[in-house]
Amino acid sequence: MRRHNESTSPGLFEVSPVETSVGEVVARRLIDWGIDTVFGLPGDGINGLMEGFRRVRDQVRFVLVQHEEAAAFMACGYAKATGRIGVCVATSGPGAIHLLNGLFDAKMDHVPVLALTGMQETSVLGTHYQQEVHTQLLYQTVADYNLMVTNPQQVPGVVDIAIRSALVNRTVSHLTFPNDIQVAAASQAPYRHVGPGAKPTSSPVVSRPAVAPDPEDLASAAEVLNAGQKVAVLVGVGARGAGAEVINVADALGAPIIKTLPGKHVLPDDHPLCMGGLGLLGTKPSEEVMEECDTLLMVGTSYPYGTYLPEPGQARVVQIDVDASRIGLRLPVEAAVTADARVALSQLWPMLQPRSDRTFLAKHQRGRDAWLADMKALQDPSRDPIAPQYLMGCIDDLADDDAVLTCDSGTIATWAARHWTIRGGREFYLSGNLATMAPGLPYAIAIQHAYPQRQVIAFVGDGGFAMLMAEFLTAVRHQLPIKVIVNNNNAFGEILWEQILLGYPEYAVRHQPPEANFAAWAQACGAFGAKITRPGDLATAVSEALAHPGPALIDCDVNPNEPPMPGKIRYEQAKHFAEAFLRGQPHKAATLSAIARDKFHQLRA
């Protein structure tokens with residue numbers, strides 16, 4: 001017999017068998033936005049969200065990772081490569097904390113990512129409950145739209161707002177869901193409405209038209225560029241998709257083109273106008289162009305390293321960027337154009353006066369040709385220990401013309417910047433502004449999911465790979481044919497050389513024995529794995545790995561004392577290098593020997 005106060009009806013935040021939960025509504029709203037892939041790791045803080053994903057498992061692929069940091073990197077890499085929004089999911093407390101590094105990578109490189117996290121149920125918030133981390137506060141510096149959902153009536157409206165915000169602003173959005181909200185019936189209105197507002201109603205649509213330039217701004221830009229005698233063009237990733245327009249404008253101006261590292265795939269490296277990259281990882285001809293130019297056109301970049309830009313007063317500057325707040329961050333800008341790069345350049349081109357005097361361009365093209373010959377000379381198969389330049393050269397020679405290369409931060413970025421040739425449909429991705437370690441492998445996994453027919457190669461260091469190497473097993477489990485090439489110098493190589501270039505002897509940057517054998521890990525995962533220690537074995541191994549139908553890994557021991565020398569050595573750099581040696585830099589003989597061999601091969605070439 002039932003007492004009068006007992007009931008079989010669902011409680012305030014309980015869903016009946018015939019009602020749809022908040023978790024399911026969220027999952028279905030992602031589908032409405034065209035999202036078919038989510039990267040994450042379950043936990044009891046998101047069981048309601050996971051049930052929603054289970055119910056739509058035939059429409060949304062949930063990529064189960066080994067570590068939440070990798071999920072965020074995957075979402076970021078997916079967004080970078082596809083232009084679509086990347087989505088990552090993590091549980092409350094520690095899971096949500098682990099996402100942060102990858103989310104900051106997305107924020108700082110301006111790509112759209114949605115993070116969904118869990119929160120302890122509303123009734124225990126504020127009681128110092130287990131895993132009670134208020135992620136909406138933790139995420140306030142990384143997420144542009146950042147909300148803890150506290151009422152079932154907010155969905156799916158706030159999902160639309162979050163996705164739209166991420167897409168339009170090219171940044172991170174974050175929604176965190178308390179446990180009880182996740183499992184609540186989406187139709188429930190648990191509280192009395194006391195104001196005139198209504199629950200958010202929306203639709204999964206967004207308008208992102210290409211921003212057209214103001215005619216007066218464009219006229220000012222043309223006036224500055226037409227007056228220049230030695231014009232240079234610097235392009236970043238914001239000029240992606242505008243490669244043809246960049247070339248047209250530069251050709252009309254007789255201007256050498258320089259690329260930022262994130263913008264490496266804006267145009268082919270082998271184009272006659274291309275001088276390569278800029279900065280410590282850049283090329284000598286690019287640096288010399290910057291030293292000599294009297295006019296600079298910046299497109300889709302707010303290049304941060306001001307010491308490699310023209311001195312203030314040296315050059316008149318025109319800057320084109322879709323984000324007006326990014327214009328003028330590094331140099332005084334005489335003509336600012338807020339617009340989509342492709343649209344602005346296509347309208348600017350007819351306004352330019354074609355140059356018959358191409359002396360400035362021809363001079364630096366000769367310098368570029370000499371630089372490329374020097375770089376080719378460093379790809380010497382006879383050098384033992386193996387030169388990292390030769391390793392990257394083998395990959396470059398053997399990879400498909402539409403291959404995608406992902407890269408970690410470190411010395412590997414130097415070798416990739418200088419020895420990975422953008423040609424055909426090739427692409428290149430790394431952590432540009434955060435410059436974090438370890439994204440190379442997760443990026444590759446995400447991009448292979450997005451483009452299953454393309455060759456995707458992760459070029460990583462031993463340090464970065466070791467941080468998230470468990471994700472290679474993720475690739476094996478998902479039968480993703482990614483290729484991982486480990487540039488193994490048994491050290492944190494970039495940090496080593498950064499210490500030296502400050503005048504300090506290296507400290508705590510080389511690992512003690514035993515050295516890792518990552519090929520054994522690949523084989524243990526059931527994949528192709530090869531350990532390479534001799535230069536004569538390298539090209540064959542890389543060829544076999546690229547041809548292997550499944551996941552493959554090459555662990556190549558390279559010369560740990562090979563310095564990633566700047567394109568053009570400055571006095572202060574040389575001075576600090578000498579100071580580090582005088583203060584007790586270890587491995588002096590091996591380092592000097594590597595430098596001498598490099599110079600010998602360049603002179604011989």
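Predicted, not measured: the structure shown is a model, and the values here were computed from it. Along the sequence shown, residues are numbered consecutively beginning with 1. All values below come from the heavy atoms of this structure, side chains included, with hydrogens, waters and symmetry mates left out.
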Problem set entry | With sequence neighbours excluded, residues passing salt bridge (Lys or Arg N to Asp or Glu O under 4.0 Å) with Asp402 | none
For this session: Sequence neighbours left out, what passes salt bridge (Lys or Arg N to Asp or Glu O under 4.0 Å) with Arg29? Give chain and number order.
Result: Asp32, Asp160
Okay, side chain of [X], backbone of [Y]: is any donor-acceptor separation there less than 3.5 Å?
X: Lys483; Y: His548; value: yes
X: Asn433; Y: Met108; value: yes
X: Gln154; Y: Asn151; value: yes

Exercise. By side-chain contact (heavy atoms from CB on, under 4.5 Å), which residues pair with Met148, not counting sequence neighbours?
Worked result: Met119, Leu125, Gln136, Thr150, Thr176, Pro178
Exercise. Residues in side-chain contact (heavy atoms from CB on, under 4.5 Å) with Ser165, at least two apart?
Worked result: Asp144, Tyr145, Asn169, Ser173
Exercise. Should we count CD of Glu132 as having more than 12 external heavy atoms under 6.0 Å?
Worked result: yes
For this session: Taking all heavy atoms of Ala417 and all of Leu261, pick out the closest pair and write down the distance.
Result: CB-CD1, 3.5 Å
For this session: For Thr411 and Gly493, work out which heavy atoms get closest and say how close.
Result: CG2-C, 3.6 Å
Problem set entry | Between Ser202 and Arg164, a side-chain donor and acceptor under 3.5 Å | yes
For this session: Using distance alone, with no hydrogens and no angle criterion, decide if Glu19 and Ser187 have a side-chain donor and acceptor under 3.5 Å apart.
Result: yes
Taking only distance into account, with no hydrogens and no angle test, what donor-acceptor pairs under 3.5 Å do side-chain atoms of residues 461-471 form with protein atoms, sequence neighbours excluded?
{"unit_1": "Asp462", "atom_1": "OD1", "unit_2": "Asn489", "atom_2": "N", "d": "3.2"}
{"unit_1": "Asp462", "atom_1": "OD2", "unit_2": "Asn490", "atom_2": "N", "d": "3.3"}
{"unit_1": "Asp462", "atom_1": "OD2", "unit_2": "Ala491", "atom_2": "N", "d": "3.3"}
{"unit_1": "Glu471", "atom_1": "OE1", "unit_2": "Gln66", "atom_2": "N", "d": "3.2"}
{"unit_1": "Glu471", "atom_1": "OE1", "unit_2": "Thr474", "atom_2": "OG1", "d": "2.7"}
{"unit_1": "Glu471", "atom_1": "OE2", "unit_2": "Gln66", "atom_2": "N", "d": "2.9"}
{"unit_1": "Glu471", "atom_1": "OE2", "unit_2": "His67", "atom_2": "N", "d": "3.0"}

Could you go through residues 80-101 and list every donor-acceptor pair under 3.5 Å that involves a side-chain atom there, pairing it with any protein atom two or more places apart or in another chain?
{"unit_1": "Lys80", "atom_1": "NZ", "unit_2": "Asp109", "atom_2": "OD2", "d": "2.7"}
{"unit_1": "Lys80", "atom_1": "NZ", "unit_2": "Leu430", "atom_2": "O", "d": "2.9"}
{"unit_1": "Lys80", "atom_1": "NZ", "unit_2": "Tyr443", "atom_2": "OH", "d": "2.7"}
{"unit_1": "Thr82", "atom_1": "OG1", "unit_2": "Tyr78", "atom_2": "O", "d": "2.7"}
{"unit_1": "Thr82", "atom_1": "OG1", "unit_2": "Arg84", "atom_2": "N", "d": "3.0"}
{"unit_1": "Arg84", "atom_1": "NH1", "unit_2": "Tyr78", "atom_2": "OH", "d": "3.1"}
{"unit_1": "Arg84", "atom_1": "NH2", "unit_2": "Gly34", "atom_2": "O", "d": "2.5"}
{"unit_1": "Thr91", "atom_1": "OG1", "unit_2": "Gly45", "atom_2": "N", "d": "2.9"}
{"unit_1": "Ser92", "atom_1": "OG", "unit_2": "Gln120", "atom_2": "NE2", "d": "3.0"}
{"unit_1": "Ser92", "atom_1": "OG", "unit_2": "Gln131", "atom_2": "OE1", "d": "3.3"}
{"unit_1": "His98", "atom_1": "ND1", "unit_2": "Glu68", "atom_2": "OE1", "d": "2.8"}
{"unit_1": "Asn101", "atom_1": "ND2", "unit_2": "Glu69", "atom_2": "OE2", "d": "2.8"}
{"unit_1": "Asn101", "atom_1": "ND2", "unit_2": "Thr436", "atom_2": "OG1", "d": "2.9"}

For this session: Show the numbers, then the answer: is there a salt bridge (Lys or Arg N to Asp or Glu O under 4.0 Å) between Arg454 and Asp400?
Result: CA-CA 9 Å; Arg454 293 182 70 177; Asp400 294 344; over 6 Å; no
